Peer 1: 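Provided herewith is a single structure, encoded as structure tokens, for subsequent inquiry.
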Amino acid sequence: FDTSIHTDYASQEIQFGYIRRTTNRNTAVEKAKFEVSNHKYTDLSETRYGAAVLNDCKYGISVKDSQMRLSLHKGGCMPDYRGDKGIHECTYAFLPHMGSLSAENVIQPAYLLNEKPLAVKGSLPLAESLVKVESGHVIVETVKPAEEKGRAFILRLYEAEGAADKTTLTFGFPVKSLAQTNMLEEVLEEYPKAQQIELSFRAFEIKTLRVEY
């Protein structure tokens, strides 16, 4: 993908954030990064305009100057020389956008490309969302059953842009108890029972909540 975007850095997603890598090849270290990993997106942005390559977390990418090259296929000899045989399906998209890298411009569209809606037969009356997040750049990354027994689930959120913020979470069901935990789901702080809670996030901070219902 050849662009006319002038920037010294590409922003490439890693888990719970992104890393900025140079688009130049001036040193031996920079030359060694001729191909790097990215999860759902790589973005080149000026202050008022940019473009991103979105993919489904499978491919390596090379960025030099204003060109982005996505490696869809590699023909390896080991351990399986037949690994590149047959028909392969690839998913990627090129996304021009106004403004610089943001959750609304790039990160949320990258999630939409990766997490497609599931269609099932049947009907369901209109219901409130499980949880609504006021801030557009605080992402609900994980919803999973709690490891401990009981009617509870884990909600993991993170700040995706690298910009500290406060946000309000609104739950669409009666909440019996609410607590912040670590990654092992050990309770760090208990919150008052409420349908809304305000949380403060540092840049790229991850928060894990245990919600009992």
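These figures come from a predicted structure and were not determined experimentally.
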Peer 1: Using the rule given for salt bridge (Lys or Arg N to Asp or Glu O under 4.0 Å), can you reason through Lys144 versus Glu185, listing the C-alpha separation, both sets of side-chain angles and the distance that settles it, and then say yes or no?
Peer 2: CA-CA 11 Å; Lys144 63 177 284 292; Glu185 302 181 20; 2.7 Å; yes

Peer 1: Looking at Glu13 and Lys40, is there a salt bridge between them, counting it only when a charged N and a carboxylate O are closer than 4.0 Å?
Peer 2: yes

Peer 1: Verify side-chain contact (heavy atoms from CB on, under 4.5 Å) between Phe153 and Val143, making sure each step is shown before the conclusion.
Peer 2: CA-CA 7 Å; Phe153 65 89; Val143 179; 4.0 Å; yes

Peer 1: Taking the basic N atoms (NZ, or NE/NH1/NH2) and the acidic carboxylate oxygens, is any pair closer than 4.0 Å for Lys193 and Glu212?
Peer 2: no

Peer 1: Do NZ/NE/NH1/NH2 and the carboxylate oxygens of Lys132 and Glu134 come within less than 4.0 Å?
Peer 2: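 Looking at Lys132 and Glu134, the cut-off is not met.
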
Peer 1: Would the Phe204 and Tyr18 ring centres measure less than 6.0 Å apart?
Peer 2: yes

Peer 1: Strictly distance-based, threshold 3.5 Å: is any side-chain N or O of Glu159 a donor or acceptor partner for the main-chain N or O of Ala203?
Peer 2: no

Peer 1: Applying side chain to side chain donor-acceptor pair (under 3.5 Å), run through Ser71 and Glu35 and close with a yes or a no.
Peer 2: CA-CA 8 Å; Ser71 300; Glu35 185 181 53; 2.4 Å; yes

Peer 1: Name the one of Tyr111, Tyr92, Tyr41, Phe94 that satisfies side-chain contact (heavy atoms from CB on, under 4.5 Å) with Leu54?
Peer 2: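 Single pass found, and it is Tyr41.
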
Peer 1: Within the side chain of Asn38, is there an N or O that forms a donor-acceptor pair under 3.5 Å with the backbone of Tyr59?
Peer 2: yes

Peer 1: Can Tyr191 and Gln180 be counted as having a side-chain donor-acceptor contact under 3.5 angstrom?
Peer 2: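 A pair is found: one side chain offers a donor N or O, the other an acceptor, under 3.5 Å apart.
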
Peer 1: Is there a donor-acceptor contact under 3.5 Å linking the side chains of Glu30 and Asn24?
Peer 2: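 Per modelled atom types, Glu30 and Asn24 side chains form no pair under 3.5 Å.
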
Peer 1: Assess, by modelled atom type and distance only, whether the side chains of Ser45 and Asp43 contain a donor and an acceptor separated by less than 3.5 Å.
Peer 2: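 Yes - a donor-acceptor pair under 3.5 Å links their side chains.
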
Peer 1: When you measure from the side chain of Thr7 to the backbone N and O of Tyr9, does any donor-acceptor pair fall under 3.5 Å?
Peer 2: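 Indeed, once roles are kept as given, a pair shorter than 3.5 Å links the two residues.
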
